[in-house]
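Numbered from 1 within each chain, the chains take letters A, B, ... in sequence-line order. Basis for what follows: all heavy atoms, side chains included, without hydrogens, waters or symmetry-related copies.
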Amino acid sequence: MALDKQFIGREYGPYRYTLGEEKLREFTLAVGGAKPGAGTPGEPPAHVSPLLYDAQAAQAGPHGGLIAFPSFAVVFAIRPFSAAIADPALNINMQMLVHGEQDLEFLDVMRPGDVMTTTGRVADLYERARMGFVVVTSESRNQHGALVVKGTWSAIIRG
Amino acid sequence: MPRTYQPGDTFTHVRECDRYRPIYYAGASGDYNPIHIDPEAGTAAGLNGNILQGLCTLGWVVEAIAGFVEDPGRVRRVKARFSRPVRPEDTITFQGRVTSVQDGRLTAEVSATNQRGEDVLKGAVVEAFIG
C-alpha cells in the first residue's frame, strides 16, 4: 500500500446535480424505514418528519415547503470522493477500501429544484499502522452561489 | 411555548436494519457496492455477509437529532467514525447527550450500539440550531 503524497491537493469536479422532489421523498423514506414497492416509496413511518415528504404540511411549516433530508447531500456530494478513490493516478485497491469516517456540515436547507454544484480535493493521504488513509473534502453550492454543504470523507485501505 | 434545551439533556432513537434495508438504501442513494447488497460478496470480502451502508447509519444519527430538535431543517452537522458494521436484523440504539448550548446552537454526543451492546459508531457528534 503506497500512497503518493504528491496527489494531495488534486481536485475533482465541478459536478452538477438537480434535486428532484420524488428522489428526496424516496431517500428520506428509505433511510426512515419505509418499505418501497412498485410505484411508491412506501408508507412513511411515524417518526419521519412530514416536512420531508408531505408537500401540504411542509408548506404550512417553518420552511414554507418541502426540504431535503439533511444527509441526502451524500447522494451528490460524494462524487469527488468516489472520483478520487477510483482515480487511476492514486492507484487504490478498491477491494480493500472501507469508509472510515464522515463529517457533513449543513449551512442551509435544500429544496426540490435546487441545483447543487460540488467540487472536491484530496486533503490528505497518509499511512498508519500499515493501513492507508485517504481524506477528501467537498463543497457544494446552490444555484445562488451559497455554500450549503461541506463534507470531509475519509477512507481506510486495509493492508 | 418553544422547547428549551440544556447541557445534559438526552434523547434516544431506535432503528432496526431489516433484511432488505441495504437494498432499499442502495436504490435511494446509488450506493450499490456489492458488499452491501450481496451476502456472498460481503463474505468474500471477509465481512461474514452483507453490511448496511455506513451513510445509512449516519442518516439514522441525523434522524435522532432531527427528532430531538423537532425539525430536520435545523440540523447543522453530523460527524462519526464507522467502527463496526451494521448487519441485516441488527437493532441499533442511538443515545444522545447534549454537551453544549450556546448562541442558539446545540451540540450533542451520540452513541450507537447494536443489540449486543457493541458500538457501531465512534465519536459521533451532532449540531443543530435551536434559536
Asker: Under 4.5 Å heavy-atom distance to chain B, tell me which part of Leu107(A) shows up: side chain, backbone, both or neither.
Answerer: backbone
Asker: In terms of heavy-atom pairs under 4.5 Å, which option from Pro62(A), Gly100(A), Ala68(A), Ser71(A) contacts chain B the most?
Answerer: Gly100(A)
Asker: Is it the case that atom CZ in Arg116(B) sees more than 12 heavy atoms from other parts of the structure closer than 6.0 Å?
Answerer: yes
Asker: With chain B as the partner, which of Leu29(A), Val98(A), Val31(A) has the greatest number of non-hydrogen pairs under 4.5 Å?
Answerer: Val31(A)
Asker: Measure Leu104(A) against the heavy atoms of chain B and call it side chain, backbone, both or neither at under 4.5 Å.
Answerer: both
Asker: Using a 4.5 angstrom heavy-atom cutoff, name the option from Phe72(A), Phe27(A), Phe76(A) with the most pairs to chain B.
Answerer: Phe27(A)
Asker: Could you go through Ile78(A) and Asp31(B), starting from their C-alpha distance and side-chain angles, then the distance that decides it, and tell me whether this counts as side-chain contact (heavy atoms from CB on, under 4.5 Å)?
Answerer: CA-CA 10 Å; Ile78(A) 199 171; Asp31(B) 185 352; 5.9 Å; no
Asker: At their closest point, which heavy atom of Gly33(A) faces which heavy atom of Arg21(B), and how far apart are they?
Answerer: O-NH2, 3.2 Å
Asker: Is it true that atom CD of Glu43(A) has more than 12 heavy atoms of other residues, nucleotides or ligands lying nearer than 6.0 Å?
Answerer: no
Asker: What option among Glu63(B), Glu70(B), Arg74(B) has the most heavy-atom pairs under 4.5 Å with chain A?
Answerer: Glu63(B)
Asker: Would you say that more than 12 heavy atoms from the other residues, nucleotides or ligands in this model lie under 6.0 Å from the NZ of Lys122(B), or not?
Answerer: no
Asker: Quick check on the hydrophobic clustering: are Phe11(B) and Leu106(B) connected, directly or via other members, by side-chain heavy-atom contacts under 4.5 Å?
Answerer: yes
Asker: Applying the 4.5 Å side-chain criterion to the ILVMFWY set and letting contacts propagate, would Met110(A) and Phe129(B) be lumped into a single cluster?
Answerer: no
Asker: If I take atom CG from residue Leu121(B) and atom CD from residue Gln102(A), how far apart are they, to the nearest 0.5 angstrom?
Answerer: 11.5 Å
Asker: Return the minimal non-hydrogen interatomic distance between Pro72(B) and Leu51(A), and the atom names on each side.
Answerer: CD-CD1, 4.1 Å
Asker: Under a single-linkage definition using a 4.5 Å side-chain heavy-atom cutoff for Ile, Leu, Val, Met, Phe, Trp and Tyr, are Ile51(B) and Ile37(B) assigned to the same hydrophobic cluster?
Answerer: no
Asker: If Ile, Leu, Val, Met, Phe, Trp and Tyr residues are connected whenever their side-chain heavy atoms lie under 4.5 Å apart, and connections chain through other members, are Ile35(B) and Ile23(B) in the same group?
Answerer: no
Asker: Is it true that, when you exclude Gln143(A) itself, more than 12 heavy atoms of the residues, nucleotides or ligands shown sit nearer than 6.0 Å to its CD?
Answerer: yes
Asker: How close do Val75(B) and Pro70(A) get, heavy atom to heavy atom, and via which atoms?
Answerer: CB-CG, 4.1 Å
Asker: Where do Tyr24(B) and Ala34(A) come nearest, in terms of heavy atoms and distance?
Answerer: CD1-O, 4.1 Å
Asker: Please determine whether residues Ile8(A) and Trp153(A) belong to a single hydrophobic cluster, defined as Ile, Leu, Val, Met, Phe, Trp and Tyr linked transitively by side-chain heavy-atom distances below 4.5 Å.
Answerer: yes
Asker: Does atom NZ of Lys35(A) have more than 12 heavy-atom neighbours from other groups under 6.0 Å away?
Answerer: no
Asker: If every non-hydrogen atom of Tyr25(B) is compared with every non-hydrogen atom of Val74(A), which pair is closest and at what distance?
Answerer: OH-CG2, 3.7 Å
Asker: Check whether Arg76(B) gets within reach of chain A through its side chain, its backbone, both or neither, counting any heavy atom under 4.5 Å.
Answerer: both
Asker: Name the member of Lys23(A), His47(A), Met94(A) that forms the most heavy-atom pairs with chain B at distances under 4.5 Å.
Answerer: His47(A)
Asker: CD of Gln102(B): more than 12 outside heavy atoms within 6.0 angstrom?
Answerer: no
Asker: Non-hydrogen contacts under 4.5 angstrom with chain A: give the residues of residues 77-85 of chain B involved, or none if there are none.
Answerer: Arg77(B), Val78(B), Lys79(B), Ala80(B), Arg81(B), Phe82(B)
